[in-house]
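Reading through the structure tokens given below for one structure.
We name chains A, B, ... by the order of the sequence lines, and we start the count at 1 in each one.
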Protein chains: 2
Amino acid sequence: MDRAVSRSFDILECLARARQPSRLSDIAAETGLQKSTVHRILGTLCALGHARQDETGRYGPTLRAWELGAGVVTSMPIYRVAAGFLQALHRTTAETVSLTILSGDDVVYLEKIVAARPVRFYTRVGSRAPAPLTASGKAMLAFRPDARSVVERVAAVSNLDVPALMTELSQVRQRGYALSGYSPGVTSIGAAVAAGGAPPDAALSISAPTERLTARKRDALIEALLETRARMTEALDQR
Amino acid sequence: MDRAVSRSFDILECLARARQPSRLSDIAAETGLQKSTVHRILGTLCALGHARQDETGRYGPTLRAWELGAGVVTSMPIYRVAAGFLQALHRTTAETVSLTILSGDDVVYLEKIVAARPVRFYTRVGSRAPAPLTASGKAMLAFRPDARSVVERVAAVSNLDVPALMTELSQVRQRGYALSGYSPGVTSIGAAVAAGGAPPDAALSISAPTERLTARKRDALIEALLETRARMTEALDQR
DNA sequence: CCGATTAGTTCCGCAGAATGGAACATCATT
DNA sequence: AATGATGTTCCATTCTGCGGAACTAATCGG
């Protein structure tokens, strides 16, 4: 199980988590490794270009891992197709729009275009959230056979009313979109995107401040979202 | 130098480069490693969530590395400040706008908002290009003391007229912006962003199809770019 | 200004992890 | 069914990565 490999990623994640350059001792403390071990692995990571040492001797991550991953993301068919639609959706609604995919029991934010007046709280591109707690996630789960198991696993760690959520999912299946209700102050509307009859593994969503959201406005957003989803599904199918 | 660590990143990069799931043998062949070694390291990478094996047994990268790096990027001060300005610049110009930073002798594209009618060539977010070959890169180099050495290193591998470029840089320094001239069909305009009197390590740029670009339009773009740069510099300074 | 403390780096003997060759299993193809 | 290619497991060998400790360089406090 390549201990050094595992440790190197631990260290890299430790560097990335810290919002500022870390000291060797802190990294050693946080990872529970010997200083000399950390020092050697950091040396390797620096040599590989994944970490760097600033003038003061502190260590920080480089963009190398991100560059690596960005290639993966931007070459994902779903991303390439969605990018244009996402932007169009933003243009017509002027609200914050996001593209997410399902990864395990989480949704991962792949891309986001924020409204001119940004919302107070924001999910970052590259961040995760438990699928059953988000509009996007519910939109996808509603059409997935494994929804119940996902919901149950998430419920096990974050108190969640499983039966209520399952009925909500069946509503979502009928309506074609999901609403978030968990984060106060902002409402999200999510719609799943599926290709070729397979269970959906991506979703579009619109988020807007709840207070500003009249019923009429909400309906307009839903309509725009569903229309974009329809066109995007079509585009995906004919590839 | 932690051989296993180094090899694991080789394998990960190999997975990321391949645009589709790779077979074990191919990875072994490409990396020059033994099959059993690749197999074991891939097992480790899978266990760590950095790779996965699909139903057919092929291996592919996950988004793990990207998620890791996205946290680094989105918490970079320059990114956080620039995001809003970039979007504003796109709104006023309706053209493709980018944010780049200097990394070694390259520029790295951190963020990009593409025009409704996308240009044929596109640089991807997360991709690199030699700084002296791009408008953004020249805009930054013009104000950096180490410009000459960068130019010379790049010239060594891609035939480049060093004296001509150096004089161009001094023009850029006077004008405050740089023009690309290397990729036919598309013109880019770059402006460096510096904070606190330090040499710039970030730049904004606008790219538009050359044919559509009248002199008047070009001047308008330059003005918009310089104005955005000015406001962004101001925002950076007062942090 | 000088000990005391803490952090960073280097060294080195030892354990055991990683290595790679080969055998085995699995799958596709004819 | 036989062939070939590929994925996986096994195992003896060895060299790598390990961590304690020593050394050096900062930082701090009195």
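- Contact of B/Ser36 with C/dG21 (side chain to base): a donor-acceptor pair of N or O atoms is detected under 3.5 Å.
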| task | Take A/Ile101 and A/Val108, measure what side-chain contact (heavy atoms from CB on, under 4.5 Å) needs, and give me the verdict at the end. | result | CA-CA 5 Å; A/Ile101 59 167; A/Val108 176; 4.3 Å; yes
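- A/Gln53 has a side-chain polar atom (N or O) that falls below the 4.0 Å cut-off from OP1 or OP2 of C/dT9.
- Considering only side-chain N and O atoms, B/Tyr59 lies under 4.0 angstrom from the phosphate OP1 or OP2 of D/dT8.
- Looking at A/Asp106, A/Leu160, A/Val107 one by one, the single match for side-chain contact (heavy atoms from CB on, under 4.5 Å) with A/Pro132 turns out to be A/Leu160.
- For the pairing with A/Phe9, the side-chain contact (heavy atoms from CB on, under 4.5 Å) check across B/Leu12, B/Leu68, B/Val5 returns one residue only, B/Leu12.
- The side chain of A/Arg7 lies closest to D/dC18 when the candidates are D/dC18, C/dT19, D/dT9.
- Between B/Gln34 and A/Leu24, the residue anchored closer to the 5' end of DNA chain C is A/Leu24, taking for each the nucleotide with the nearest heavy atom.
- For the pair A/Ile27 CD1 and D/dG19 C1', the interatomic distance rounds to 17 Å; values are reported in whole Å.
- Rounding to whole angstrom units, CD1 of residue A/Ile41 and P of C/dG8 are separated by 16 Å.
- Candidate nucleotides D/dT8, D/dT16, C/dG8 were compared by shortest atom distance to the side chain of B/Arg3, and D/dT16 ranks first.
- Side-chain nitrogen and oxygen atoms of A/Thr37 include none within less than 4.0 Å of the OP1 or OP2 phosphate oxygen of D/dC18.
- What separates CG of B/Leu42 from C1' of C/dA18 is a distance of 15 Å, to the nearest Å.
- At a threshold of 4.0 angstrom between heavy atoms, the contacts of A/Ser25 are confined to the sugar-phosphate backbone, with no base atom among them.
- Checked by atom type, the side-chain pair A/Ser103/A/Arg128 shows a donor-acceptor distance below 3.5 Å.
- Within 6.0 Å of the CZ atom in A/Arg148, the count of heavy atoms belonging to other residues, nucleotides or ligands does not exceed 12.
- Between the CG atom of A/Leu33 and the P atom of D/dG19 there is a distance of 7 Å, given to the nearest Å.
- Here C/dG8 presents its P atom at 11 Å from CG of A/Asp54, a figure rounded to the nearest Å.
- In this structure, A/Ser22 and A/Asp2 both approach DNA chain C, and ranking their closest nucleotides by distance from the 5' end singles out A/Ser22.
- Contacts of B/Arg23 with the nucleic acid, taken as non-hydrogen atoms under 4.0 Å apart, involve only primed sugar atoms and P, OP1 or OP2.
- When the side-chain nitrogen and oxygen atoms of B/His39 are compared with OP1 and OP2 of D/dT8, one or more of them lie within a distance under 4.0 Å.
- A/Arg58 comes within 4.0 angstrom of nothing in the nucleic acid, heavy atoms only.
- Between the CZ atom of B/Arg40 and the C1' atom of C/dG16 there is a distance of 13 Å, given to the nearest Å.
- In the interface, the side chain of A/Lys35 is not paired with the base of D/dG19 through any donor and acceptor atom under 3.5 Å apart.
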